[in-house]
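Chain naming here is simple, since letters A, B, ... match the order of the sequence lines and numbering starts at 1 in each.
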Protein chains: 2
Amino acid sequence: MVGRRGPMSSGWPGKFRGCGYRMTVPRQAIIEVLQKTKKHLSAEDIYMEVHKIFPQVGLTTVYRTLELLTDMGMIYKFDFREGRARYEMVEGLKKEHHHHLVCTKCKRVINYTEFIDEEIDFLKRAEKELSKKYNFEINDHIIQFYGLCDKCRVSK
Amino acid sequence: MVGRRGPMSSGWPGKFRGCGYRMTVPRQAIIEVLQKTKKHLSAEDIYMEVHKIFPQVGLTTVYRTLELLTDMGMIYKFDFREGRARYEMVEGLKKEHHHHLVCTKCKRVINYTEFIDEEIDFLKRAEKELSKKYNFEINDHIIQFYGLCDKCRVSK
DNA sequence: TCTCTTATTGAAAATGATTCCCATTATCAA
DNA sequence: TTGATAATGGGAATCATTTTCAATAAGAGA
Ligand SMILES: [Mn+2]
Ligand SMILES: [Mn+2]
Ligand SMILES: [Zn+2]
Ligand SMILES: [Zn+2]
């Protein structure tokens, strides 16, 4: 089975097994939901989507899987100050990489990709320097700008 | 009374009144606690500190005041993925400005100031461009690096 | 393909941070 | 000093997330 096609451990099942985990129906379904959208989904959003296809999958499993995927570095976990976390699939390492403008009033979130090249360059240097200086293994980063969106600016 | 000394609305009471709020004992106490520390305090941490001096101040008031100060831009609110928010006084606009390395395992947080000049320069340009393009009023930003601290790296 | 180990799951209960409610109190402009 | 009302605090309510634990299913090895 190994080497049948493509490099070893390619694809999600391989990624999981490579880490000693098993590929299961709920996990598969959760990953698919995350891959099919560009939105920032909450655990409950994902639960409801999965539920349409596999009604037996529980919310607990969704939470567990999201934690696992976050720790594996396959998804991002965000706090947009709504009181619940939101998740997003990690896209290609450079392609589609973006950060967020968060409206502190209506909680709207805007993806932006401007400055990303410059930003990546800056972050790369920072990561290198900081990981050396603090002996810290950096896996991930977030940049978020908080403020008021166009709609919330006008309404006071 | 106005103009007695210093510019109008200097000091905390002035800042509050200028926004139509009142200066109260609980607010004063909460601000003092935040100003006296370099740590990242949770609402409960602050509550306990305040409680030493003013035992009658309630946790609800601490939460309300923290939200107010955050909205006023006087303190930062952080999510270090512990399940509770932590707060920090906004220091002078450039002095002491720093960002964070967050250990995703033990939740330890390291303040760093390296690259801050470069970072501020970068952020200034980004804010200018983004606020124009998205008609977004940017008030604040966060940069956080997530990973494993030196202690958590060795223990697997 | 069958077996066995154990990783994973789901339902329900627990947890715990934050918010809501509302009668009471305190601030401060006039 | 006074009055309008902003602010408070205690307890209850919310609600996202975690824990518990018995049942189930993945998948390595036979
Ligand atoms: Mn996004
Ligand atoms: Mn800090
Ligand atoms: Zn908005
Ligand atoms: Zn650590």
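The aromatic rings of A/His141 and A/His97 lie perpendicular to each other, with more than 60° between the two planes, well past the 30° mark. Taking the six-membered ring where tryptophan is involved, the planes of B/Phe78 and B/His100 are perpendicular, since the angle between them exceeds 60° and thus also 30°.
Of the possible polar contacts, none joining the B/Arg27 side chain to the B/Trp12 backbone as a donor-acceptor pair under 3.5 Å is found.
Of the candidate nucleotides C/dT8, C/dG10, D/dT8, C/dG10 has the atom lying nearest to any side-chain atom of A/Val57.
With 3.5 Å as the limit, one finds no donor-acceptor pair spanning the side chains of B/Glu129 and A/Tyr112.
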Restricting both atoms to N or O, compile the protein contacts to nucleotides 27-30 of chain D shorter than 3.5 Å, with distance only.
| unit_1 | atom_1 | unit_2 | atom_2 | d |
| --- | --- | --- | --- | --- |
| D/dG27 | OP1 | A/Arg17 | NE | 3.4 |
| D/dG27 | OP1 | A/Met23 | N | 2.8 |

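In this structure, B/Arg81 atom CZ and D/dT18 atom P are separated by 12 Å, rounded to whole Å.
The number of heavy-atom neighbours closer than 6.0 Å to NZ of B/Lys128, taken from other residues, nucleotides and ligands shown, is 12 or below. Atom NZ of B/Lys39 is surrounded by 12 or fewer heavy atoms from other residues, nucleotides or ligands within 6.0 Å.
Checking B/Lys38, B/Lys77, B/His98 one by one against B/Glu88, the side-chain hydrogen bond (donor to acceptor under 3.5 Å, both in side chains) holds for a single residue, B/His98.
Residues A/Glu67 and A/Tyr63 fail the side-chain proximity criterion, which asks for heavy atoms closer than 4.5 Å.
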| request: Could you encode protein contacts along nucleotides 13-24 of chain C as a string, one character per nucleotide from 5' to 3', using B for base contact, S for sugar-phosphate-only contact and - for no contact, with a heavy-atom cut-off of under 4.0 Å? | output: ----SBBBB---

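Inter-axis angle, ends of the helix from C/dT1-D/dA30 to C/dA30-D/dT1, five pairs per end, rounded to 10 degrees: 50°.
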